[in-house]
Structures are given as structure tokens and as C-alpha cells.
Number of protein chains: 2
Amino acid sequence: MATGEIKELPKSWAMLGGDGPESYTQNSSYQKGVVDASMEMVDDGIMEKLDLKSLGFESTNDTFRIADFGCSVGPNTFFAVENIMKAVEHKHHAQFNNSPFSGFQVFFNDVTTNDFNTLFKALHSNEKYFSAGLPGTFFGRLLPRSTLHFAHSSYCLHWLSKVPKEVLDSESPAWNKGSIQCDGLKKEVTKAYSAQFQSDMSTFLEARAQEIVGGGLMVIIMGGLPYGVLMSQAGIGMYYDLLGSCLIDMAELGVISEEKLDSFNLPLYYSSSKEIEEIIKANGNFSIERMDSLSHNIWKTSRETKIKVSVTGGRAVFQGLLEDHFGSEVAEKTFENFETKLDENFSIIDGAAHEHIDHFILLKRNVN
Amino acid sequence: MATGEIKELPKSWAMLGGDGPESYTQNSSYQKGVVDASMEMVDDGIMEKLDLKSLGFESTNDTFRIADFGCSVGPNTFFAVENIMKAVEHKHHAQFNNSPFSGFQVFFNDVTTNDFNTLFKALHSNEKYFSAGLPGTFFGRLLPRSTLHFAHSSYCLHWLSKVPKEVLDSESPAWNKGSIQCDGLKKEVTKAYSAQFQSDMSTFLEARAQEIVGGGLMVIIMGGLPYGVLMSQAGIGMYYDLLGSCLIDMAELGVISEEKLDSFNLPLYYSSSKEIEEIIKANGNFSIERMDSLSHNIWKTSRETKIKVSVTGGRAVFQGLLEDHFGSEVAEKTFENFETKLDENFSIIDGAAHEHIDHFILLKRNVN
């Protein structure tokens with residue numbers, strides 16, 4: 001195990017399992033929008049940057065191996081990998097014309113506590129490729145050396161491996177009292193979050209660099225911020241602040257203690273493309289083939305739907321985290337309060353002057 | 001997909017999930033005994049029959065890939081694969097002395113409805129090898145061509161992909177009225193079960209033949225019968241007959257209909273080594289390196305413990321099957337009745353003139 005690798009993440013990092021009305025499966029339309037928006041960029045990237053000849057596919061007739069890091073329980077991961085496969089087949093046809101393609105093996109990765117049972121149930125009817133589940137944190141090695149041709153990670157890497165401890169420490173200048181996120185308003189807090197992001201992202205890149213063959217590609221999609229925009233100025237930051245205000249309400253009502261409240265922060269960091277670029281360059285194993293923002297809009301719907309999606313989507317992602325820290329009763333009350341408050345404040349969030357962005361990053365593994 | 005491949009098995013083929021008091025995890029001591037008893041044979045087989053040089057390990061420094069087909073939820077699968085890894089490392093050391101070994105990737109396979117979540121939870125703390133879950137029936141292809149160095153399957157292949165339809169058909173001479181198993185007393189029933197076994201085993205061998213590299217090994221452990229012994233004469237057959245009698249009681253009490261009873265048979269077939277040998281030879285892709293019976297005895301314990309283990313072990317394996325066919329209430333009543341009857345009749349089963357055997361088969365994939 002290389003330095004910096006992480007053995008396991010907290011249980012609560014997993015999305016809400018099963019396929020019921022509150023599950024991630026049924027409440028990940030925003031994340032699906034991200035995948036949809038990225039498809040053309042993925043297609044272009046494969047067509048222009050993937051050279052199956054240099055990967056040896058002409059002579060070896062090897063299986064093309066894909067991994068989705070942070071796949072959750074579906075169905076978004078299926079859309080993503082099926083799109084990748086289509087594009088690779090297309091490219092294979094373009095490069096080798098009539099020679100038959102030997103097929104795909106797809107590894108679905110997420111934390112050990114992810115609901116793989118639900119994922120596998122949705123998967124089993126598909127016979128177009130060999131598939132395997134890869135349990136464990138992607139902040140560590142998961143596959144043998146140089147065995148992967150294409151890595152994909154959608155909407156995970158703005159999750160940190162942990163909340164930086166300084167922001168929960170009342171003795172530290174980075175103490176983030178009064179906020180549950182890196183809102184950008186306090187320099188020391190931002191610095192602590194940014195350092196954690198840099199460490200995690202470097203660990204991720206180092207692990208993938210071992211696994212991906214020279215010439216192999218990696219697509220990373222993650223939440224971020226336009227350069228110079230603070231989290232508290234963006235709609236998504238206001239959304240987290242509102243969730244935080246619901247927890248503050250719980251403390252004021254005496255339902256939770258102030259200490260309990262102060263010891264909670266979201267393990268999220270929305271980075272700028274400049275920060276990401278610096279980390280990738282410092283790592284040195286990948287060339288940046290494309291760095292872009294996704295444009296997508298899932299908001300062309302009624303106000304009621306927007307609010308509903310915002311609440312259920314938030315639950316599917318954060319319920320585990322809140323339950324783990326505050327217990328299920330407080331989590332439940334918080335989400336109920338959140339729904340009411342979101343209804344009251346939705347125009348502010350919806351009309352925020354700034355929006356976060358979703359980074360699209362296409363990397364190519366250097367040939368050693 | 002090759003002819004004969006099966007896409008998916010019924011949900012109820014999975015062992016009882018979770019890790020609670022009734023789970024397979026906690027009630028698979030017999031199956032653990034089988035694994036324990038096989039360890040030395042596996043070690044010897046690897047030492048004598050595995051040639052890492054001819055597999056190219058001298059030059060390629062490839063990862064050694066192992067798959068356990070029908071792994072269930074643990075912990076037996078971990079004992080088995082860890083033993084295999086130890087023996088392979090030992091052999092590597094013997095063949096290459098000081099050169100470093102590149103490591104292992106282990107694929108854990110079982111049906112899609114297997115409780116992989118429980119399996120992965122037990123797995124995650126291990127860092128000595130790369131691991132992946134492989135959901136889907138082993139009566140079909142699961143891995144890319146020629147990517148496996150060692151296949152293992154313990155106590156699964158006496159399970160059929162389905163109950164042969166003739167034995168449930170009142171119009172057929174093979175109708176198995178009055179019995180829930182292939183008890184060996186009716187030639188036509190045995191023939192139907194045997195034909196299904198032959199078909200399933202051939203399908204399994206064909207799929208593995210595609211996946212295993214030339215020179216790679218496969219260990220198969222499965223329940224069977226000594227040549228000439230009928231199932232109804234062996235302790236295990238009496239055990240199933242007793243379970244069957246509990247279902248007959250349910251019909252006589254009017255809890256289930258006679259049609260419901262008649263439409264149920266266990267998808268199990270205990271074969272002779274002669275039958276297995278013929279199937280392997282007909283398949284033609286493997287040489288038989290060793291064919292043996294395991295000797296093991298988990299019965300050196302008190303009568304009470306024996307009965308308890310027999311009931312809970314039976315539940316962990318067959319509860320899904322019974323619930324699926326008769327509903328959970330009937331299944332529950334049946335197992336309660338079974339416990340009482342087992343207590344009354346235990347000396348007959350324990351003192352049976354014959355015992356089933358557990359086959360140990362070591363195969364080597366031919367080099368094409």
C-alpha cells in the first residue's frame with residue numbers, strides 16, 4: 001500500500017441503498033443530468049484521444065477493461081459505462097475496420113458499505129459485457145498494475161476522505177463554527193478544506209496511475225466552482241447553508257447540543273479548475289487532454305418539482321451522514337424542516353447570482 | 001453466449017444472507033469442514049501440478065488470478081482462497097526462489113441474489129490481494145477468455161440449474177410423487193436428475209474452459225455418492241427424506257395442497273465419481289489430475305449439537321427454496337416440525353449404513 005492510501009471510509013459515505021422511494025437509485029436525477037451532459041465529451045475524447053493501436057489491441061485481442069469509481073447503486077453508472085463502450089467500439093471499428101472486437105470487462109467500484117446487492121440486481125440482465133463489483137475506497141489501490149484501459153468517476157471526487165480536523169477544533173484558527181460547509185468566507189477554513197482536497201485528489205491520481213495502462217484514458221466529473229466564486233455565493237452553497245440552518249434550529253430547540261452541532265461539517269469541497277490542474281500537474285502521471293465545464297439544466301420544471309427533487313435528492317446523498325452523526329430521529333426532523341425552509345427560501349437559491357460548475361476532465365496516462 | 005449457457009438462476013438458489021443467527025455465515029460449519037479437509041489436497045495439487053513457468057510468470061510478472069465459483073457470503077470462501085494463495089506463493093518461491101511475486105486478484109462469484117453486501121463487509125479489512133465480486137450464475141461465462149489461473153468451487157455443483165421438469169410431471173414415467181429428492185429408488189427419476197446434472201456440469205466446464213488459461217488449475221468439491229449406493233440409503237438422503245416428510249405432513253394437515261407438494265423437488269443431485277469422470281472426459285478441455293473423496297468428520301460432538309447444526313444448517317441452505325415455493329409461514333412451520341422429527345429420528349440418520357461422499361477433483365486446463 002502506497003503512502004497516503006486510505007483503507008476504508010466511514011459507512012455513511014455510501015448513498016442511500018435499495019430501490020425504494022427514498023433511495024439514491026430513485027433520486028439521482030441531478031447526477032444523471034451530469035452523466036447525460038458529459039456523454040458527447042466522452043465520445044469525442046475516445047474518438048480523438050484513445051489510440052487502440054498503441055494500447056496493443058491490434059495484436060493482443062485483449063479485453064477492454066473499464067472501471068467506474070464511485071458508481072453508487074445505479075442506474076447512472078450503467079448509462080455512463082454503456083456510453084463509453086459504444087464509443088470504444090466505434091473507435092475500434094474506425095481503427096481496425098472489420099476485425100472483431102474482443103469485448104469488455106467493467107468494474108463497478110464504490111465503498112464497501114455501498115448497496116452492491118441493489119446494483120447487481122439491476123445489472124444481471126445485461127449480457128453484453130463481463131462485470132464485476134469492486135468494493136473499497138478509491139483512495140487506495142483496487143486493481144492490479146496496468147490492467148485498466150479506461151477509468152471513469154462521476155460526481156464523487158468533490159467528496160473528501162474526511163472532514164479536515166482543524167475545522168472542528170475550537171482551538172484552531174480554522175474552526176468553522178456556525179457553518180456546516182466550506183462556505184469560502186473564512187480563509188483558514190478554505191485552506192484546511194483545500195489541503196484535504198489536494199491530499200485526497202493526489203492519492204486518487206496516484207492509485208489510478210498504477211492501474212491504468214500507458215495511453216489509457218480517465219474521465220473525471222465533479223462539482224466545482226468558477227474561479228473567484230465563493231461557495232456561499234452559489235446556489236448549491238446556499239442549499240447547504242439552508243440545510244445547516246435546519247441543524248442550527250435543532251440546537252436552538254435543544255434537540256441536539258451545541259457541541260454536537262459544532263462537530264459536524266460536510267466532507268465536500270468544490271474546487272476551481274485551476275486547483276485541479278495544479279494537482280494533476282504535480283502528480284505528473286497524466287496529461288490533461290481536456291478540461292471543461294458541463295452545461296446542463298435539470299431545472300426546466302415546476303417550482304414544486306424542483307423543491308421535491310432538491311429534498312429527496314439531498315436525502316439520498318446526505319441521510320447516511322446525518323443519521324451517523326445525529327441519529328435517525330434528528331436526521332428525519334431536519335429533513336422535514338429542510339423541506340419547509342426550502343419552500344420558503346427557494347426563490348433565493350434558485351435565483352442565486354452564481355452557480356457552481358461541474359468539471360469535466362479528460363486525462364491520458366503517460367507511457368512510462 | 002455459448003449454447004447451453006444459463007442466464008440467471010432463481011432467487012431462492014442463494015444461501016440465507018446477512019450475518020444473523022440464522023444466516024449461512026453463521027451456519028455453514030459442515031461446508032467449512034469440507035474446505036478444511038480439502039486444504040492439504042489443494043496444497044499438494046498446487047505444489048505438484050501448477051507450473052508457474054509454463055504459465056509465463058517468469059517473464060510477465062502477471063497478477064495471479066483466482067476465482068471462487070459459488071462463494072456464498074463467507075467466511076468459508078476466505079479460508080479457501082487464502083489457502084490457495086499461500087500454496088501458490090510457496091510454489092512461486094520454490095520455482096523462482098528470490099524473485100518477487102506480483103500478487104493476486106480474487107474474484108468472488110455467486111448468483112446475483114447472493115448477499116454480496118455481507119460478503120464485502122467481511123472482506124474489506126483484507127489488503128493482501130485485490131478482490132472483486134462476480135455476480136451471476138456460474139452456468140454461464142463470467143470472465144474474459146484465458147484470464148484465470150486458478151478456479152475453485154466448493155459445495156455448489158451438486159446443485160442443479162433447475163429441477164428436471166419430468167419429475168414434476170404427473171404424465172411422465174419420471175414423476176417423482178411422494179419424494180422431494182432423487183432418492184435413487186425409481187430408475188426414471190434418477191435418469192432425469194442425472195441428465196440434468198450432466199447438462200449443467202458440461203455447461204460449467206465449457207464456461208470455465210474459456211476462462212482458464214492453458215495449464216491453469218481447477219478444484220471442484222461437491223457432494224456425491226459412493227458407486228452403487230442409493231441416496232435413500234445414505235444419511236444425507238434420509239435427512240432430505242425427513243424434510244420431505246415434514247412437507248407431506250403439511251399437505252395432510254391441509255396447510256398446503258397436494259399439487260403444491262407434488263410440484264416441489266430439491267434441485268440437488270449427488271453423483272458418483274464415475275459419472276463425473278465421464279462428463280469431464282466428454283468435455284475434453286481438462287485433464288483429471290486427481291479424483292478423490294474428502295474424509296472429514298464434524299460429528300464428534302453431542303447429540304444435541306448435531307441436531308441443532310442439522311436444523312440451522314438446513315435452514316441456511318434451503319429456507320429460500322422453501323419460502324419461494326410454499327411461502328414463509330409454511331417454511332417456518334416445516335422447519336419447526338423438522339426439528340422435532342429430527343430429534344425423534346436422529347439415531348436412524350446418524351447410524352445410516354452408508355454415508356454420502358464429498359468429491360475432490362483437481363483438473364488442469366489443456367494447453368490448446
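Each chain gets a letter, A, B and so on, in the order its sequence line appears, and its residues count up from 1.
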Evaluate the side-chain proximity of A:L143 to B:Q105: yes if any heavy-atom separation is below 4.5 Å, no if none is.
-> yes
Under 4.5 Å from a heavy atom of chain B, the part of A:N114 involved | backbone
Interchain contact, A:F107 with chain B, by part (heavy-atom threshold 4.5 Å) = side chain
So which of B:V111, B:D62, B:T63 has the biggest tally of heavy-atom pairs under 4.5 Å with chain A?
-> B:T63
Of A:T147, A:N109, A:L134, A:D115, the largest count of non-hydrogen pairs under 4.5 angstrom with chain B goes to A:D115
Heavy-atom pairs under 4.5 Å with chain A are the metric here; pick the option from B:P144, B:G17, B:A132 that has the most.
-> B:P144
Can you tell me how far the CG atom of A:N117 sits from the OG1 atom of B:T113, to the nearest 0.5 Å?
-> 9.0 Å
Who are the ring-ring contact (aromatic ring centres under 6.0 Å, His included) partners of B:F69, not counting sequence neighbours?
-> none
To the nearest 0.5 Å, atom CZ of A:F116 lies from atom NZ of B:K121 at 11.5 Å
Are side-chain heavy atoms of B:T112 and A:F120 found at a separation under 4.5 Å?
-> yes
